[in-house]
Chemist: 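The structure under discussion is supplied below as structure tokens; questions concerning it will follow.
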Amino acid sequence: MNNFFGKQIFERQKAVVIDFGSSFIKCGFAGEGIPQAFLPTNLIDLQTGEQLEITSKNNTSQKKIQIWKRTLFKRFYSIFFDILNVNPKSRKVVFCENILLPNFIKEMIIEILFEKFHVVSLLCVPSPVLALVPFKKHVGLVIDLGHSESTVVPVYQEIPLYSKIEYCSLAFDSVVKSLRSISLNELKETNKEVHSIAEKLPETIWKEIAAKTCFVLEQSPLILKKENKEKKKKEFIADINYPCLDNEGNDTSITISGKARSNAAEILFNGNSQNDYEGIPYRILECLMSCNSDITIALSQNLILTGGTSMVPGCRLRLENEINWLLENDPHFKKLKGLQGKLIFQKHPFFNNYLSWIGGSVFGYLEIMNEKFVSLQTFKQMGLKSIPNWSHFKIEQDN
Amino acid sequence: MSLPKVEFKCNCNTLRNLSDLYCCTQCSKLSCNYCCETKIDSYFCPVSLTGLSSDEVSSSLCKSNKHFQCPQCESQLVFQATTENSSQKLYLSCNYCRYRSDTAIGLTFKSMNEIHKEYLAKERISHTGKEMESLKEYYSKISKEMLKLREFNSGKFHRLLNVINSPYKSSPRLRKKFSTGRNFSPMRSIYSNRYSQNERTKLGGSTVGSNNKGGGGENKDDKFSSSLMSSKKTYGSVLPNSQKMKFNYTNLEEAIEKRKDKITNTIHKTEKIQWTDQIPKELKNKFNVTQITSLQQRFSQLTTQPRKLSELSPQRIRLMNKKSKQCPNCQHTLIKPEMNPNKSTFKIKKLALFVLPQIFISKITETFQVNKQSELVISFKNPTFNDMKISNLEINTFHLSYQDQDQDQNENKNKEQTTANIVVKGTEFSINGYDESAQFSDITLEEETTQKTNDDPEFVQQRKLNKVYIKMLITPTKAINLLQIELKFKVSCVLQSKFESEASAIISLGEVN
């Protein structure tokens, strides 16, 4: 019996793959090449109006657990019933988790999936492990540039090395903030009317502006200054008019100067004066240096970029140039000097946005992974509170 | 400032409005959206309002095959016809934002059926593309090899060898076969017992046939003998194709040179990858921002994620479904919609609005202050056609406890800190049913109330048609932000069969100064 698209009706049911990012949720079925939907994670509690964030920066106390449970329940409800059109009672779930997620959030998600939705079985995998799957590699250094934070994680044989993780809070959030501050400072001096309009624009609009107009320069202007290599003819980068509404509702536009467009993303490479003094290329080399010497060669030739911020035009080129400059000139990285010019960024046919989702889709399709799923029965029988870690996976069965 | 409101307590210890609750008539327990179990009943297309089966939904990937949505504004697209050169062609157009598919992309169809063959077939390929298939093949190959390895390394083979010990020891050929190979096999770390003590003692040495602890044969100390992943023995014990470097050179210098080449070759063997991701010059020049896609528009087309508006193509509309809900205790259905997607009525509807009395606050004589008595009048309204009886009325102060772990501490606190004294002079009363003919009758409301009442005027202040007003006196003793009172009562009314249930309503009054 064949369907319209020529498939057999009697197919085993596909698992559901969910990837919770801090700004977008990717969800879909295992075995497919693209996620079904890309939703924004607006975890807004309807009763109190608070906005919650799933990041590792969480300082929320346990008193807010009721609020967390309500919002997470509603999000999962809309994922299962409104978007995927699926009964969760009959499906397995693969959950790609943030590697530094606080424990109480993970426990809440597991409790909701098992006790409210009665999912058949669950598998929690950290996302750097899954990011290696599309490359058919087993060793690699995963650089994840996300929305609220970025991490550098070395992965060896499907196990992330937790003690060598580098973390910094420079990500798309900070790019948007620096774009806003640079353009507001410029508008103050030139055009005061437009400045008053631009000040009142909400953050969502600044996010759109950044996504549409920003890019990254090839060479860092600070480095060019140091070496006195500034070109006599400066490259001309044009201003752009962005349409928006007046205070009275008329159509006007804001000008975003070329300087703001090209310098907004410099914060990722130069660092913050408040929390993170070093930028991302410094962190990558720090991570390489701290790893054992027998892995460094394999890691340095398998650099993997994931995350939405890495899709800003020009990001990868700039990272390569900065890393090579640091290896040549910074005495801190003497050990790794031989690697100059030999670091390799790997290529893949998909987009950086959903790389770890694809890994989850492959893992959910393989039959051998069925052993790693924790079923609803074992969860209830053994009275577990949460699933043990991916790398430390042991469930002791008292027979 | 919090306004006074009345909420009911659901089975899962949360406070909800009466309109959000469902009441099961068999087990007489309340449940809300958070605790009842939902299930999908039927699927339908929201544009054509036709029903679909679950197989059709999964094969068409949860999207309808015949209806499209505009890529710019996400409203529905409509087929329209042009006549060009005496041949009729169809194209898609949006009535909201004036999008036309033939001028934008050049997408035209000859007939409605042609859409499936060309346009949808392309989309189907991208969903399960070549790249995905190759990934799946590669990983299923590896998993088959691992399964073979695991069978070989498992206890069965070693047990056999232990029995046939002597011929193994003597034959050098067998010993060579099972001796150390290179310590590399992909994904071995998932499938082996990495952290057990037995593993750490031996890395890269096989003890097949020997009597070491942790070598051949199963150990009783090993807790994971029946567990999920172990091949409990060593890595490097066997690989089907183990390569060795053979030293057959007489000249030392030659040997060192040749060995060097092999080592350096392995490092530089990786291919150099050429990247072509320079910044396009269009970005640096001036461009029109309105011609660039926003993030949401890009994410509706995940295969290409185009930057320009002119590259967007119409997408299919997502299907919808109808859900039914069940009581978490006894698994009876609470809500069941009709299968026909044209109708929005329900076959089974068990709401708490039809069964429990509605409670309103009608009068507060004085604002609440410490040690000052004030009156509170509450009205109960009967939604059914028959009489309703309310008994076992208890009123206490209420204190919300957020942390379940500290429940014991909070209970003690509650006993010590009753924040108000409440006086109610009665525990039972009955309410008349809703009488449709009363609005057309000649008897006025005042006459009706004086007719049949044996009520204590301190308790039941008034009666009006199907409402009863009840009085109570409150004297708060402490100054708090929010004064809350809990009303516990037992409801019994006559529906199709007699129905009894206990409910508790929580009234939150304002501040106490």
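A note on names: the letters A, B, ... follow the listed sequences, proteins ahead of strands, and every chain is numbered from 1.
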Chemist: Under 4.5 Å heavy-atom distance to chain B, tell me which part of His348(A) shows up: side chain, backbone, both or neither.
Modeler: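 Contact with chain B is absent: no heavy atom of His348(A) under 4.5 Å.
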
Chemist: Go through it in stages, so that I can follow the logic: the residues are Asn353(A) and Arg298(B), the test is side chain to side chain contact (heavy atoms under 4.5 Å, CB included), and I'd like the CA-CA distance, side-chain angles, deciding distance and then a yes or no.
Modeler: CA-CA 12 Å; Asn353(A) 276 337; Arg298(B) 276 181 226 182; over 6 Å; no

Chemist: Need one label for Gln346(A): side chain, backbone, both or neither, based on atoms under 4.5 Å from any heavy atom in chain B.
Modeler: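 Both parts, backbone and side chain.
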
Chemist: Looking at Phe236(A), Phe24(A), Phe80(A), Phe350(A), which has the largest count of heavy-atom pairs under 4.5 Å with chain B?
Modeler: Phe24(A)

Chemist: When rounded to the nearest 0.5 angstrom, what is the spacing between NZ in Lys39(B) and CZ in Phe81(A)?
Modeler: 10.5 Å

Chemist: Contact part of Thr38(B) toward chain A, heavy-atom cut-off under 4.5 Å: side chain, backbone, both or neither?
Modeler: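 Both the backbone and the side chain of Thr38(B) come within 4.5 Å of chain A.
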
Chemist: To the nearest 0.5 angstrom, please state how far the CD1 atom of Ile344(A) sits from the CH2 atom of Trp275(B).
Modeler: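 Reported to 0.5 Å precision, the distance equals 11.5 Å.
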
Chemist: A side-chain contact here means heavy atoms from C-beta on lying under 4.5 Å apart; do Glu32(A) and Leu61(B) qualify?
Modeler: yes

Chemist: How many angstroms lie between atom CZ of Phe345(A) and atom CD1 of Ile273(B), to the nearest 0.5 angstrom?
Modeler: 11.0 Å

Chemist: When only pairs under 4.5 Å are counted, which of Gln296(B), Arg307(B), Lys323(B) shares the most heavy-atom pairs with chain A?
Modeler: Lys323(B)

Chemist: Specify the closest pair of heavy atoms between Ser140(B) and Leu366(A), including all atoms of both residues, with the distance to one decimal.
Modeler: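 Distance-wise, the nearest heavy atoms are N-CD2, 3.9 Å.
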
Chemist: At their closest point, which heavy atom of Leu302(B) faces which heavy atom of Pro35(A), and how far apart are they?
Modeler: CD1-O, 3.6 Å

Chemist: Of the non-hydrogen atoms in Ile83(A) and Arg318(B), which two are nearest, and what is the gap between them?
Modeler: O-NH1, 2.8 Å

Chemist: Quick one: what part of Lys116(A) sits under 4.5 Å from any heavy atom of chain B, side chain, backbone, both or neither?
Modeler: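 It is the side chain, since no backbone atom gets that close.
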
Chemist: I'd like to know whether CE of Met320(B) has more than 12 heavy-atom contacts from other residues, nucleotides or ligands below 6.0 angstrom.
Modeler: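 No, not enclosed.
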
Chemist: What part of Thr304(B) gets closer than 4.5 Å to chain A, counting heavy atoms only: side chain, backbone, both or neither?
Modeler: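 Backbone only.
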
Chemist: Tell me, for Lys286(B) versus chain A, whether the close heavy atoms (under 4.5 Å) come from the side chain, the backbone, both or neither.
Modeler: both

Chemist: Mind checking the CG-NZ spacing from Asn85(A) to Lys63(B)? Nearest 0.5 Å is all I need.
Modeler: 11.5 Å

Chemist: Check each atom of Val86(A) against the heavy atoms of chain B and say whether the ones under 4.5 Å are side chain, backbone, both or neither.
Modeler: backbone

Chemist: CG of Asn33(B) to NZ of Lys74(A): how many Å apart, nearest 0.5 Å?
Modeler: 7.5 Å

Chemist: Determine the minimum heavy-atom distance between Gln305(B) and Tyr354(A), stating which atoms define it.
Modeler: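 For Gln305(B) and Tyr354(A), the tightest heavy-atom pair comes out as NE2-CE2, 3.9 Å.
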
Chemist: Which region of Ile279(B), side chain (C-beta onward) or backbone (N, CA, C, O), has a non-hydrogen atom less than 4.5 Å from a non-hydrogen atom of chain A, or is it both or neither?
Modeler: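 For Ile279(B), the contact with chain A is made by the side chain alone.
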
Chemist: Given a strict heavy-atom distance threshold of 4.5 Å, which part of Ser134(B) is in contact with chain A: side chain, backbone, both, or neither?
Modeler: both

Chemist: Rounded to the nearest 0.5 Å, how far does CZ of Phe135(A) lie from CG of Leu135(B)?
Modeler: 10.5 Å

Chemist: For side chain to side chain contact (heavy atoms under 4.5 Å, CB included), just list the numbers for Met132(B) and Val362(A), CA-CA rounded to whole Å, side-chain angles, deciding distance to a tenth of an Å, and then say yes or no.
Modeler: CA-CA 8 Å; Met132(B) 195 62 190; Val362(A) 172; 3.7 Å; yes

Chemist: What pair of heavy atoms forms the shortest contact from Asp277(B) to Arg316(A), and how long is it?
Modeler: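 Looking at all heavy atoms of both residues, the shortest contact is OD2-NE, 2.9 Å.
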
Chemist: Non-hydrogen atoms of chain A under 4.5 Å away: do they reach the side chain of Gln274(B), the backbone, both or neither?
Modeler: backbone

Chemist: Decide ring pair (Phe, Tyr, Trp, His ring centres under 6.0 Å) for Tyr365(A) and Tyr139(B); before the verdict, give the C-alpha distance in whole Å, the side-chain angles of both, and the deciding distance to 0.1 Å.
Modeler: CA-CA 10 Å; Tyr365(A) 172 82; Tyr139(B) 275 93; over 10 Å; no

Chemist: Step through the shown structure and confirm whether more than 12 heavy atoms of other residues, nucleotides or ligands are within 6.0 Å of NZ on Lys347(A).
Modeler: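 Correct, the count exceeds 12.
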
Chemist: Excluding sequence neighbours, so at least two apart, what forms side chain to side chain contact (heavy atoms under 4.5 Å, CB included) with Thr204(A)?
Modeler: Pro202(A)

Chemist: So what's closer than 4.5 Å to chain B heavy atoms on Pro243(A): side chain, backbone, both or neither?
Modeler: side chain

Chemist: Applying side chain to side chain contact (heavy atoms under 4.5 Å, CB included), name anything that partners Thr213(A), two or more places apart in sequence or on another chain.
Modeler: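 Residues passing side chain to side chain contact (heavy atoms under 4.5 Å, CB included) with Thr213(A): Ile209(A), Ile240(A), Arg261(A), Phe287(B), Val289(B).
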
Chemist: For atom CD of Glu367(A), decide whether the heavy atoms of other residues, nucleotides or ligands shown that lie under 6.0 angstrom number more than 12.
Modeler: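 No.
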
